[in-house]
Amino acid sequence: AIGGHPTARHNLGCIEGGNGRTDRAIKHWIMASNLGEDAALSSLRSFYSKGFVGKEDFASALRGHQAAVDATKSHQREAAKEFYETSGGE
């Protein structure tokens, strides 16, 4: 997780949340969300709806997630995805 792997950050957040340390869980999920991890954003959304995450923190995480997703988009990736899907992939 220290190296920045988003799924590892999300998993640490789940462990911390399970241990009752919601403040630490939220920090891990915000970091993972800023790296584009969809599951972390979902966890944050759930905690936001329960009142554990502030509006400003959630909005910031949402913007960070969108920026990370946008950064991974490219014409070459879209063309590869289309080729994969038309050639019998998912």
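To the nearest 0.5 Å, the span separating CZ on Phe58 from CD1 on Ile30 amounts to 10.5 Å. Atoms NE2 and CD, on His75 and Glu78 in that order, are 9.0 Å from each other to the nearest 0.5 Å. Here Leu44 contributes atom CG and Ser33 contributes atom OG; the two are 5.5 Å apart, rounded to the nearest 0.5 Å. To the nearest 0.5 Å, atoms OG (Ser49) and CZ (Arg45) are separated by 9.5 Å. How far CG of Asn34 is from CD of Gln66: 12.0 Å, rounded to the nearest 0.5 Å. One finds the NE2 atom of His5 at 9.5 Å from the CG atom of Asn11 (value rounded to the nearest 0.5 Å).
Nearest approach of Ala25 to Gly13, heavy atoms of both residues: CB-O, 3.1 Å. The two residues Leu35 and Ala68 have their closest heavy-atom pair at C-CB, 3.7 Å. The shortest non-hydrogen separation linking Ala32 to Arg9 is CB-CB, 3.6 Å.
Not one N or O on the side chain of Trp29 forms a donor-acceptor pair closer than 3.5 Å with the backbone of Ser43. Under the 3.5 Å distance criterion, the side-chain polar atoms of Ser87 are matched with a main-chain donor or acceptor of Phe83.
The hydrophobic clustering, which links ILVMFWY residues whose side-chain heavy atoms are closer than 4.5 Å, places Val53 and Leu41 together. In the hydrophobic clustering of this structure, Leu12 does not group with Phe52; members are Ile, Leu, Val, Met, Phe, Trp, Tyr whose side-chain heavy atoms approach within less than 4.5 Å, directly or through other members.
His65 has its side chain within reach of Asp38: a pair of non-hydrogen atoms, C-beta onward, lies under 4.5 Å apart. Counting only heavy atoms from C-beta outward, the side chains of Ser46 and Lys50 approach each other to under 4.5 Å.
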Working for side-chain contact (heavy atoms from CB on, under 4.5 Å), residues His28 and Glu16: CA-CA 9 Å; His28 283 297; Glu16 294 289 6; 4.0 Å; yes
Derivation and outcome, side-chain contact (heavy atoms from CB on, under 4.5 Å), residues Glu37 and Thr7: CA-CA 7 Å; Glu37 178 67 27; Thr7 304; 3.2 Å; yes
Verdict with supporting geometry, Ile26 and Asp57, side-chain contact (heavy atoms from CB on, under 4.5 Å): CA-CA 9 Å; Ile26 290 166; Asp57 287 336; 5.7 Å; no
Verdict with supporting geometry, Val69 and Lys73, side-chain contact (heavy atoms from CB on, under 4.5 Å): CA-CA 7 Å; Val69 169; Lys73 290 183 180 177; 4.1 Å; yes
